[in-house]
Amino acid sequence: MSGGLAHRWDLSAAAAIALQKSLAGQVERADRLGPGGRRAIRHVAGVDVAFEEGGAITRAAVVVLRRADLVTVESAVARRPTRFPYVPGLLSFCEVPAILAALTALSQRPDLLLCDGQGLAHPRRFGLACHLGLLADLPAIGVAKSRLIGAHAEPGPAKGDWAPLMAPGKTGGRMMRIGAVLRSRAGVKPLYISIGHRVSLRTALAFTLRGTTRYRLPEAIRRADKLSKGGAPG
DNA sequence: GCGACAG
DNA sequence: ATCTTGTCGC
């Protein structure tokens, strides 16, 4: 169930960084959504992980929601030994192996992935959402609860208000927009939204908002978070 | 050299 | 992320 790209995971930090640099150029920043690649989104999947045994085991959960009414239609969990430590900037090497295992357990592939982490808003423009989207060959959005890099103004107080997340370009020094800081609900800390793969920032913001109802996080991620921590599937 | 640092 | 009591807000 992957898109042809695959690579080894037993890497040193230096090798992991080199791999990120070599794959970053393959990330697609424009919309290419839906079944097959260019149609309406029917099912969105929230992805999250939790750790057991003091971090020795990574438990990944994926919950698939019907886009029309946000009803959960399927879910899967996968446990794998944690083979890479958490290092800021290298999070995907710690979590993606277990997440790919959970995705493989699904009976049907979702049309979009909502990931708990950054996408392009990353030191090498290759956060978890980019890495996962590329390997799973699926559109992906990065939805992080806190900042990794970049500067921004405080977004307005109303749901939907947002401010651009800016960072110096890779080569030169001009400030570039790498994502957005979104008020997903009034009265809560904003979320950091960025492109993962095959989704424009505009679309990423729209989907995050549409899927956010009672909580700070979109329903898909909220349910995946609960499931990864041991909650019941439905 | 000194902070900052997704989960 | 994870370890945890009392406390604040709606």
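Lettering of chains follows the sequences in order, A, B, ..., and the numbering in each one begins at 1. Only heavy atoms go into these numbers, but all of them, side chains included; no hydrogens, no water, no symmetry mates.
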dA4(B) C1' sits how many Å from Tyr192(A) OH, rounded? 13 Å
Nearest whole Å is fine: how far is dG3(B) C1' from Ile149(A) CD1? 16 Å
Check ion pair Asp48(A)-Arg59(A) (N to O, under 4.0 angstrom): no
Under 4.0 Å, counting only non-hydrogen atoms across every strand here, what does Glu95(A) touch: a base, just sugar-phosphate, or nothing? sugar-phosphate
Which is true for Leu90(A) with a 4.0 Å heavy-atom rule: it touches a base, it touches only sugar-phosphate, or it touches nothing? base
Are Tyr86(A) and dG7(B) stacked, counting the six-membered base ring, centres under 5.5 Å, planes under 30°? yes
Are any side-chain N or O atoms of Asp161(A) and backbone N or O atoms of Pro155(A), one a donor and one an acceptor, separated by less than 3.5 Å? no
Atom CD of Glu52(A) to atom P of dG7(B): distance rounded to whole Å? 19 Å
Which of these, Glu219(A), Arg185(A), Arg222(A), sits in a side-chain hydrogen bond (donor to acceptor under 3.5 Å, both in side chains) with Thr213(A)? Glu219(A)
Between dA6(B) atom P and Asp48(A) atom CG, what is the distance in whole Å? 15 Å
Whether over 12 other heavy atoms sit under 6.0 Å from Arg216(A) CZ: yes
Could you state the atom-to-atom distance from CG of Leu148(A) to C1' of dA6(B) in whole Å? 5 Å
Identify whether any heavy atom of Ala50(A) sits under 4.0 Å from a base atom; if not, whether one sits that close to sugar-phosphate; answer base, sugar-phosphate or nothing. sugar-phosphate
Once you round it to whole Å, what is the distance between C1' of dA6(B) and CG of Leu128(A)? 8 Å
Taking 4.0 Å as the cut-off, does a side-chain nitrogen or oxygen of Lys145(A) come that near to OP1 or OP2 on dG7(B)? yes
Please report the distance, rounded to the nearest Å, between CZ in Arg185(A) and P in dC10(C). 12 Å
Taking any heavy-atom pair under 4.0 Å as a contact, classify Gly55(A): base, sugar-phosphate, or nothing. nothing
Phosphate-side-chain proximity, Ser92(A) and dA6(B), N/O vs OP1/OP2 below 4.0 Å: no
With a 4.0 Å limit, can you tell me whether Arg147(A) has a side-chain N or O closer than that to the phosphate oxygens OP1/OP2 of dC5(B)? yes
State plainly whether the residues Arg202(A) and Asp31(A) are in salt-bridge range, i.e. N to O under 4.0 Å. no
Specify the separation, in whole Å, of atom CG of Asp116(A) and atom P of dA1(C). 7 Å
